[in-house]
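By convention here, the first residue in the shown sequence is residue 1. Worth saying up front: this structure is predicted, and the values here are computed from it rather than measured.
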Amino acid sequence: MDAESDVALDILITNVVCVFRTRCHLNLRKIALEGANVIYKREVGKVLMKLRKPRITATIWSSGKIICTGATSEEEAKFGARRLARCLQKLGFLVKFTEFKVVNVLAVCTMPFEIRLPEFTKNNRPNASYEPELHPAVCYRIKSLRTTLQIFSTGSITVTGNACST
């Protein structure tokens with residue numbers, strides 16, 4: 001590509017996964033009976049709770065650990081997690097919002113051109129792996145950033161970033 005034909009790439013964050021703790025035991029049966037927008041999965045010992053604004057789904061365990069998925073930014077994830085903690089407080093639990101952490105971010109972008117995957121893999125060997133019999137994309141790992149890129153021949157790229165555990 002020429003320097004004059006530079007195209008700005010739009011990277012769209014599609015999912016932010018976060019975790020937090022309530023520092024109290026949660027009665028899943030009570031949440032299932034009294035909570036709104038709740039699905040009780042008794043066989044696995046968890047409750048799914050959905051919020052409309054922000055649009056997130058929370059997986060709640062009786063230990064007080066909660067995982068929120070579906071946010072499109074870190075701010076939205078934190079706001080949704082705090083709203084969820086408030087909902088649990090209104091149900092009568094002594095919830096303290098602690099240990100909030102973003103654990104995974106998923107983003108997508110589309111290149112304005114196609115990518116020759118065998119050539120790309122050959123030129124980026126230790127970081128890139130391509131198994132067309134198993135998966136239609138090149139898996140490109142950036143270990144220093146704990147990030148994986150799924151690069152498709154159409155030019156679509158999916159970026160998955162994992163937070164480091166402390």
Side-chain angles (χ1 to χ4, degrees), residues 9-110 127-152 154 156-166:
L9 288 178
D10 286 335
I11 300 173
L12 180 70
I13 296 174
T14 56
N15 191 18
V16 176
V17 180
C18 67
V19 178
F20 74 96
R21 294 193 175 274
T22 61
R23 289 181 58 190
C24 71
H25 179 79
L26 300 172
N27 183 343
L28 299 182
R29 190 168 185 276
K30 180 177 179 177
I31 296 169
L33 292 172
E34 297 176 19
N37 299 322
V38 174
I39 302 167
Y40 188 19
K41 303 244 178 192
R42 201 165 117 193
E43 61 278 355
V44 258
K46 67 181 181 183
V47 168
L48 298 177
M49 183 181 272
K50 296 188 179 208
L51 295 180
R52 288 194 187 128
K53 223 173 193 177
R55 191 179 206 96
I56 64 165
T57 301
T59 306
I60 303 169
W61 280 274
S62 62
S63 65
K65 182 178 179 180
I66 300 175
I67 298 176
C68 299
T69 61
T72 55
S73 69
E74 185 177 346
E75 295 78 26
E76 191 176 286
K78 189 163 191 171
F79 177 68
R82 291 187 78 82
R83 265 201 73 208
L84 195 86
R86 187 74 182 119
C87 288
L88 293 172
Q89 283 177 341
K90 286 180 179 177
L91 291 175
F93 297 104
L94 300 172
V95 171
K96 290 189 178 103
F97 184 79
T98 59
E99 297 177 46
F100 175 83
K101 185 167 67 168
V102 173
V103 292
N104 192 301
V105 177
L106 184 83
V108 293
C109 78
T110 305
N127 297 327
S129 66
Y130 179 48
E131 299 290 335
E133 299 87 19
L134 301 175
H135 188 59
V138 169
C139 182
Y140 186 88
R141 297 189 197 287
I142 306 171
K143 288 190 174 140
S144 61
L145 299 175
R146 298 192 68 188
T147 302
T148 304
L149 282 76
Q150 297 290 323
I151 304 168
F152 295 86
T154 58
S156 292
I157 300 175
T158 303
V159 182
T160 307
N162 296 317
C164 51
S165 53
T166 54

- Is it true that atom CG of L94 has more than 12 heavy atoms of other residues, nucleotides or ligands lying nearer than 6.0 Å? no

- Has K30 got more than 12 heavy atoms of other residues, nucleotides or ligands less than 6.0 Å from its NZ? yes

- Considering residues, nucleotides and ligands other than K46, do more than 12 of their heavy atoms fall under 6.0 Å from its NZ? yes

- Less than 4.5 Å apart, any side-chain heavy atom of L48 and any of K41? yes

- Under 3.5 Å, side chain of K78 to main-chain N/O of C18, donor-acceptor pair present? no

- Task: Keeping the roles fixed (side chain from N104, backbone from N162), state whether a donor-acceptor pair exists under 3.5 Å.
- Result: no

- For residues I66 and L88, determine if any side-chain heavy atom of one lies less than 4.5 Å from a side-chain heavy atom of the other. yes

- Message: Just to verify, what does E99 make a salt bridge (charged side-chain N to carboxylate O under 4.0 Å, His left out) with, not counting sequence neighbours?
- Response: R21

- Message: Quick one, I31 and Y40 - any side-chain contact, counting heavy atoms below 4.5 Å?
- Response: no

- Looking at side-chain heavy atoms only, is the closest gap between S73 and I13 below 4.5 Å? no

- Query: What do you reckon, is CD of E34 surrounded by more than 12 foreign heavy atoms closer than 6.0 Å?
  - Reply: yes

- Message: Counting C-beta onward and ignoring hydrogens, is there a side-chain heavy-atom pair between K90 and R86 closer than 4.5 Å?
- Response: yes

- Item | Within-4.5 Å side-chain heavy-atom neighbours: I67 and V17 | yes

- For S62 and L28, indicate whether the former's side chain and the latter's backbone hold a donor-acceptor pair under 3.5 Å. no

